[in-house]
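Side chains included, hydrogens not; waters and symmetry mates left out as well; all remaining heavy atoms used.
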Amino acid sequence: MKKTLCALLGLAAMATGFMSCGGGKSAANKDVTLTVWCWDPQFNIFSMNEAAKIYKESHPNVNINVVETPWDDLQQKLITSLSANDTSSLPDIILCQDNAIQKNMQNYPKAFYPLDGKVKLDDFASFKVGYGEMNGKHYSVPFDNGATATFLRKDIIEQAGLKVEDFNDITWSRFIELGKIVKAKTGKALISYVGNEPDCIMLMLQSCGTWLFDADGKPFMKNNDILKKCVSLYAEMIKEGVCVTVTDWNAYVATINNGTVASTINGCWIVGTIGTQPDQKGKWAVVSTPKVDGVPSAVNYSSQGGSSWMVMNSSKHADVAADFLSATFGGSVDLYTKILPSAGAIATWLPAASSPAYDAANDFFGGDKIYKKIVEYSGKIPQVKYGVFNYEARNAIGVAMSGILNGSSTIDSGLADAQKNVEFLMGY
């Protein structure tokens with residue numbers, strides 16, 4: 001860690017002297033408005049608006065118009081427009097979930113603006129840069145770190161006679177046992193998830209170092225014993241009332257902010273959502289993610305979500321858009337210093353780690369140095385190959401879970417159907 005920190009400090013020193021690319025010349029000659037599609041007001045939108053302020057200091061004629069666009073809507077609009085060869089309604093910049101980048105690039109290889117020579121991509125964590133690489137070129141600017149953690153309401157679990165330490169470095173089975181205690185003593189569920197999304201299963205799976213595809217890229221669901229274990233644990237949590245499911249993202253956020261549940265296990269970007277409630281200051285704590293029982297490769301660390309910025313090739317100001325991303329998300333320690341405390345936006349841009357904000361105590365979490373802790377978690381996350389059809393596979397698991405939970409299918413039959421559907425999409 002010491003060696004890594006020294007290297008990061010060196011990168012930060014170089015970054016201070018790094019000038020944004022030549023695209024700024026275009027911006028200097030005319031008024032330009034760049035439209036950005038992204039979601040989550042407390043996290044992505046907040047971060048983009050802060051980047052806009054920084055860029056405007058040196059480029060006063062460049063305006064950033066951020067349009068709140070939920071991820072599912074963004075992806076659908078993107079596919080519809082590109083499939084119809086009508087890009088007139090598309091923005092200049094989009095935020096794309098990492099697990100969908102490869103699929104989008106493969107289906108629409110000319111849709112995105114290459115960033116090689118425009119952004120210093122060597123300054124980002126290599127695994128994030130890889131998501132946006134195709135045929136030797138790079139098309140994405142990595143943004144947030146998706147390292148997961150268990151975010152606990154200390155006051156609620158203490159009402160149940162438990163301590164924060166009881167939840168650190170535990171298994172999912174132990175998590176369920178503790179959840180039963182919390183439910184019995186407080187009447188509250190321990191955790192919540194969106195019912196038709198397989199997020200919990202996916203973070204369980206990655207913590208085991210395996211995924212929905214095998215080493216050859218073929219669907220691996222039907223005979224995936226680790227996946228079956230993850231599905232079984234998730235189903236048990238719901239059956240026992242330890243986990244409540246809700247209809248959509250807004251309802252999920254409400255369970256966290258309203259104290260309906262005693263915890264959330266998600267990517268560290270959820271800190272921005274948690275921090276919107278001033279009356280909960282000091283009532284939260286951070287510990288590691290539970291690991292799957294009986295799996296030798298399982299660890300208490302995982303990743304959930306994560307996204308990257310992409311410039312549309314159809315943009316009339318693609319050079320300006322690339323320069324904007326280079327000068328801010330790929331060139332400003334000040335930006336990451338500003339967005340970290342407010343949004344919990346832990347960077348994958350390496351020089352940002354030199355910011356003193358990463359070593360600061362967080363009063364909202366009882367003075368704990370949560371960002372330093374999460375960075376340590378992120379270094380222990382097993383890496384998996386998501387595959388080109390990852391988005392479709394995730395959806396197939398979500399559909400299978402609906403059937404498993406309502407009793408219309410078993411775990412075996414549900415996963416077999418999921419694999420069959422993905423194989424059909426892949427042409428097997």
Side-chain angles (χ1 to χ4, degrees), residues 11 14-15 18-30 32-38 44 47-48 51-52 55 59 62 64 74-75 77-79 81-144 306-332 335 347-351 385-388 390-391:
L11 284 170
M14 289 188 287
F18 172 63
M19 299 298 292
S20 59
C21 302
K25 294 180 180 178
S26 175
N29 298 327
K30 57 186 177 181
V32 171
T33 296
L34 300 175
T35 298
V36 180
W37 284 359
C38 60
N44 301 315
S47 299
M48 177 52 73
Y55 195 70
H59 300 80
V62 177
I64 307 297
L74 189 158
Q75 178 72 354
K77 289 178 179 179
L78 184 68
I79 292 172
S81 296
L82 294 177
S83 298
N85 267 335
D86 180 7
T87 59
S88 59
S89 63
L90 292 179
D92 301 278
I93 298 171
I94 65 167
L95 185 65
C96 188
Q97 287 194 359
D98 290 333
N99 58 28
I101 292 177
Q102 284 289 318
K103 180 69 172 182
N104 287 342
M105 290 193 304
Q106 175 171 297
N107 283 348
Y108 312 102
K110 296 182 180 180
F112 305 101
Y113 186 73
L115 298 169
D116 300 271
K118 306 288 184 180
V119 181
K120 289 188 67 178
L121 294 172
D122 288 346
D123 282 353
F124 291 89
S126 59
F127 81 94
K128 286 279 284 189
V129 174
Y131 292 144
E133 181 180 3
M134 187 175 72
N135 298 328
K137 292 186 177 181
H138 299 84
Y139 298 87
S140 66
V141 176
F143 178 37
D144 59 311
S307 54
S308 301
W309 303 105
M310 303 183 79
V311 177
M312 301 306 302
N313 218 6
S314 57
S315 168
K316 295 179 181 179
H317 309 293
D319 57 338
V320 182
D323 188 72
F324 163 69
L325 293 176
S326 174
T328 54
F329 293 98
S332 175
L335 171 62
T348 51
W349 185 60
L350 301 178
K385 291 186 177 181
Y386 289 140
V388 173
N390 180 66
Y391 201 61

From [X] atom [atom1] to [Y] atom [atom2], the distance as rounded to the nearest 0.5 Å:
X	Y	atom1	atom2	answer
His317	Leu34	NE2	CG	7.0 Å
Asp319	Ser326	CG	OG	12.5 Å
Lys77	Leu90	NZ	CG	10.0 Å
Lys110	Asn85	NZ	CG	10.0 Å
Met105	Asn135	CE	CG	8.5 Å
Asn390	Tyr131	CG	OH	9.0 Å

Subject >> Any residue meeting ring pair (Phe, Tyr, Trp, His ring centres under 6.0 Å) with Tyr139, in chain and number order, not counting sequence neighbours >> reply: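 If we apply the ring pair (Phe, Tyr, Trp, His ring centres under 6.0 Å) test to Tyr139, skipping adjacent residues, there are no hits.
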
**OP:** Measure the acute angle between the ring planes of Phe143 and Phe329, then classify it against the limits of 30° and 60° as parallel, tilted or perpendicular.
**Re:**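 Phe143 vs Phe329 ring planes: perpendicular.
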
Original post:
Can you say whether the rings of Phe324 and Tyr55 are parallel (under 30°), tilted (30 to 60°) or perpendicular (over 60°)?
Top reply: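 Because their plane-to-plane angle is over 60°, the rings of Phe324 and Tyr55 count as perpendicular.
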
Quick one, [X] and [Y] - any side-chain contact, counting heavy atoms below 4.5 Å?
X	Y	value
Val141	Trp349	no
Thr87	Asn313	no
Asn104	Phe112	yes
Val129	His138	yes

**OP:** Hey, could you give me each pair passing salt bridge (Lys or Arg N to Asp or Glu O under 4.0 Å) that has a residue in residues 132-144? Not counting sequence neighbours.
**Re:**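 Matches after skipping sequence neighbours: none remain.
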
Listed partners of [X] passing side-chain contact (heavy atoms from CB on, under 4.5 Å), at least two apart:
X	result
Ala52	Ile64
Ser83	Ile79, Tyr108
Ser140	Ile101, Ser308, Met310
Thr35	Trp37, Asn65, Val67, Pro91, Asp92

Subject >> Evaluation steps, side-chain contact (heavy atoms from CB on, under 4.5 Å), between Leu78 and Met312 >> reply: CA-CA 10 Å; Leu78 184 68; Met312 301 306 302; 3.7 Å; yes

[X] to [Y] - nearest heavy-atom pair and separation:
X	Y	value
Ala100	Gln75	CB-NE2, 4.4 Å
Phe124	Pro142	CE2-O, 3.3 Å
Leu95	Ser307	CD1-OG, 3.5 Å
Ala322	Val311	N-CG2, 4.1 Å
Leu335	Ser332	N-OG, 3.0 Å

**OP:** Take His59 and Asp323, measure what side-chain contact (heavy atoms from CB on, under 4.5 Å) needs, and give me the verdict at the end.
**Re:** CA-CA 11 Å; His59 300 80; Asp323 188 72; 3.8 Å; yes

